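One structure is given below, encoded as structure tokens.
Only a predicted model underlies this, so the values are computations on that prediction, with no experimental measurement involved. Side chains are part of it too, since the values below use all heavy atoms of this structure and drop only hydrogens, waters and symmetry mates.
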Amino acid sequence: RQYCTVEGRSLEEIIGKTDFDLHPPDLAQKYREDDRYVVETGQTLELVEIHRPLEGEPRYVQVVKTPMYDANGALTGILGIFWDITEQRKAYAEIEQLVAARTEALEQEIAERKRIEEILRRSKAALQRAYAEVELQVEAQTAELRKGIEERRQIEEELRRSEARYRTLVTQAPIGILTCDCDGRVLHFNPAMLEIIGLDNGDAFQQYNLLTHPTAVETGFAADLRRSLTERVAIQAEYHHQVKSERSGWDDRVTQAHIT
């Protein structure tokens, strides 16, 4: 959903498109080369790059691309995650400008101090007064410079914390998330997914085949999943199912799912 917002397109307009349909040719080629690197090396790729949709302003994004494997260790695709760091980059630029300006001002003050010392060298009293004044100015400039450096450090620390929160987003998401291979075997899922289907044993769910499990077949989920895998389309639907309950034995539930 966030990717749709960034691109300014609906999910239907994005599904099935290539990088060259969504981005300028030079960026599309770069994205393709990044994907090839991940596939050929099997390594995770992390970098900051400029994101330019065909419509809209360029944005800086933090990108993580990592290979996805099935239970047998075969490569099944690439998982790509990105988040907008344009504001952080702007903040960095502002801090760098501030540091440069303060440094230049400090250098000017030092040069001025030397000039005054040379001019007032014959007058000890005048020299002492000028020197004291310049020292105060230098201290003020140094304090401003240190403040800018501290502000930059705080921004960098906040960025690191933000990245850590993002990595745990999937695990802590309040909505159920799962992935399966092309044969319907469950690969990964989060705790919210177990709660939705009424299981407290992740090992048991790991044995499910979503194309053949009775509940998936009865609710129609298996048919929709098979269609999504075969036709490469996204499907959104509601499924009526039952989960075990300590109070009533079984509870009826309606779950809305998005298959892609």
query = If you count the non-hydrogen atoms of other residues, nucleotides and ligands that lie under 6.0 Å from CG in Asn201, is the total more than 12?
reply = yes

Quiz item: Which word best sums up how the rings of Tyr208 and His213 line up, parallel for under 30°, tilted for 30 to 60°, or perpendicular for over 60°?
Solution: parallel

- request: Mark yes or no for whether Asp84, through its side chain, and Thr86, through its backbone, hold a donor-acceptor pair below 3.5 Å.
  value: yes

Check whether any side-chain heavy atom of Leu136 sits under 4.5 Å from a side-chain heavy atom of Tyr131, and report yes or no.
no

Rounding to 0.5 Å, atoms CZ (Arg227) and CD1 (Ile235) come to a distance of 4.5 Å

The reported gap from CG in Asp35 to CD1 in Ile78 (rounded to nearest 0.5 angstrom) is 4.0 Å

**Asked** Does a donor on one side chain and an acceptor on the other come within less than 3.5 Å for Gln88 and Tyr60?
**Response** no

Only one of Glu118, Glu135, Gln108 passes side chain to side chain donor-acceptor pair (under 3.5 Å) with Arg113, and that residue is Glu135

d(Gln242 CD, Ile197 CD1) to nearest 0.5 Å is 14.5 Å

Legend entry - Check ion pair Glu157-Arg153 (N to O, under 4.0 angstrom): no

One should read off an interatomic distance between Arg185 CZ and Gln207 CD, to the nearest 0.5 angstrom, of 11.0 Å

ask   = Just by distance, with hydrogens left out, do Gln154 and Glu150 show a side-chain donor and acceptor under 3.5 Å apart?
value = yes

> More than 12 foreign heavy atoms under 6.0 Å from CZ of Arg226: is that the case here?
Replying inline: no

### Query
Is there a donor in the side chain of His241 and an acceptor in the side chain of Thr255, or the other way round, less than 3.5 Å apart?
yes

Exercise. Start with the C-alpha distance between Asp224 and Tyr239, add both sets of side-chain angles, then the distance that settles side-chain contact (heavy atoms from CB on, under 4.5 Å), and finish with yes or no.
Key: CA-CA 11 Å; Asp224 287 344; Tyr239 303 98; 2.6 Å; yes

